[in-house]
Protein chains: 2
Amino acid sequence: MSDTPEQSGARSPQEPSLDEQIAAYQREFRDLDPQVEKVVSALGRLNRRMNVAYGRQVADLGISNAEWEVLKTLVLAGAPYRLGPGELAKRLGLTPAAMTHRIDRMAGEGLVTRDRDENNRVRVIVELTDEGRSKWLEAMRMATDFEEELLQDLSSEERGLLGEMLIRLLRRVEHTQPDAGGRLTDLD
Amino acid sequence: MSDTPEQSGARSPQEPSLDEQIAAYQREFRDLDPQVEKVVSALGRLNRRMNVAYGRQVADLGISNAEWEVLKTLVLAGAPYRLGPGELAKRLGLTPAAMTHRIDRMAGEGLVTRDRDENNRVRVIVELTDEGRSKWLEAMRMATDFEEELLQDLSSEERGLLGEMLIRLLRRVEHTQPDAGGRLTDLD
DNA sequence: GCATCGAACTTTAGTGTTGAAGTCTTCAGG
DNA sequence: CCTGAAGACTTCAACACTAAAGTTCGATGC
């Protein structure tokens, strides 16, 4: 159980280890299934660390995590990499208002263009620029390298099994939490 | 491959399914390992959905997800459930400035108290109130119910295996991304 | 004991987000 | 045509967070 932060001498009491945290929860909350809690806590922590890692990597390209999400969404839409602000907002889990501002910024930085649809003047078309696409490509290369490194300790069988189990959980959460158009936080 | 969102008729083009998304990435980015991408994307999506679910549940108690994080951190510290703003900020991955404001709010709502340390007037002590503790307990009950439901499709062996694999990933990410006191986003 | 340094917290300015109200375009009737 | 309604985006006000500057108390050196 290594050392408890509070008693481990001079250095600042960091975030407790997973095992410490689960032990603490069990002290405070009797009917806790440690196995369940281990999975859930590890999931949460892993995700946070990964997001921090992604953020650092794309920062080296001069873009924010938020901007990278927009680039990803446009690329996923397929050539010619166009979507309206409303559709982008829906997929990113933002309000249209926030989307307007993000597009402002990104258009200013030359990552996307924003134009009115000639056939329907009320619509706006956001399109990826070549620079935006190449930023996406660089970010994608860094992300996949990182992901490969992250999974290096797992065999191919384990990776398959892990993916399959996660998808089962995903189906379950989508089943019990129908989403209702709720704001989602980030993107994959 | 079912339908591409843009052509799927009247209903709004929702977030693509995991398989659609991975197929789209493969079209745009040749050297992508679908197995790795499946794990990573499922992780990200699962986490988002779970955070939305947690947020909805604690909202029913009249507290925000952010406030729940503070309650959890104080309880984890153990009786008498006291921490300074700086320590709280560190554990929550916030700046001290943000912590000041959160404590303002939560003290106003009666979830915590804020007092100066009598022995060291420059320090502040944030302490959980009885109301704060009972809110935490209710939230904890809802959260563990939800987590149990989430994992219901997995056998005990599978849960153990999943937890073990996630912890291996966590170790790897902590090893390659030493954190450097960086801001982490949420809490488990 | 007085001055200085450092630690712990708060305040300020700037950015990004939400929710609600507002604007502009299109479409359907009358 | 002209009006009304609906849709798509933008603007506005309020809020939460970050980074940096400011404040206050305690400790250290002389």
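Within every chain, numbering begins at 1; the chains are lettered A, B, ... in the order of the sequence lines, protein sequences first and strands thereafter.
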Sorted by position of nearest nucleotide on DNA chain D, 5' first, the leading residue of A/Ala97 and A/Val122 is A/Val122
Nearest whole angstrom, please: distance from the C1' of C/dT15 to the CG of A/Asp104. 13 Å
Whole angstroms only, please: what is the CE-P distance between B/Met99 and D/dA19? 16 Å
Can you tell if the side chain of A/Asp33 reaches within under 4.5 Å of the side chain of B/Leu151, non-hydrogen atoms only? no
Hey, are A/Glu148 and A/Arg159 close enough for a salt bridge, meaning a charged N less than 4.0 Å from a carboxylate O? yes
Check the phosphate of C/dT15 against A/Arg105, side-chain N and O only, distance under 4.0 Å to OP1 or OP2. Yes or no? no
Walk me through it: do B/Glu158 and A/Arg168 pass the test salt bridge (Lys or Arg N to Asp or Glu O under 4.0 Å)? CA-CA 12 Å; B/Glu158 287 176 318; A/Arg168 255 195 284 165; 2.8 Å; yes
Without decimals, in angstroms, what is the distance between B/His101 NE2 and C/dT12 P? 10 Å
Would you compute the distance between atom CG of B/Leu32 and atom NZ of B/Lys38 and round it to the nearest 0.5 angstrom? 12.5 Å
Nucleotide of C/dC9, C/dT17, D/dG26 approaching B/Pro85 most closely (side-chain heavy atoms): C/dC9
If you measure from the Lys or Arg side-chain nitrogens to the Asp or Glu carboxylate oxygens, is any gap between B/Glu174 and B/Arg171 under 4.0 Å? no
Do any side-chain nitrogens or oxygens of B/Arg121 fall under 4.0 Å of OP1 or OP2 in D/dG26? no
Whole angstrom value for the distance that separates P of D/dA8 from CZ of A/Arg82: 19 Å
Could you check whether A/Arg116 gets within reach of a base, just the sugar-phosphate, or nothing at all, counting any heavy atom under 4.0 Å? nothing
Just how far, in rounded Å, is P of D/dA8 from CZ of A/Arg114? 17 Å
Can you work out whether A/Arg102 or A/Glu118 has the more 5'-proximal nearest nucleotide on DNA chain C? A/Arg102
Please state how far atom CG in A/Asp117 lies from atom P in D/dG7, giving the value in whole angstrom units. 18 Å
What's the CG-P distance between A/Leu92 and C/dT17, to the nearest Å? 10 Å
Atom CD1 of A/Ile103 and atom C1' of D/dA8: how far apart are they, to the nearest Å? 12 Å
Contact under 4.0 Å: B/Arg123 side-chain N or O vs C/dT10 OP1/OP2: no
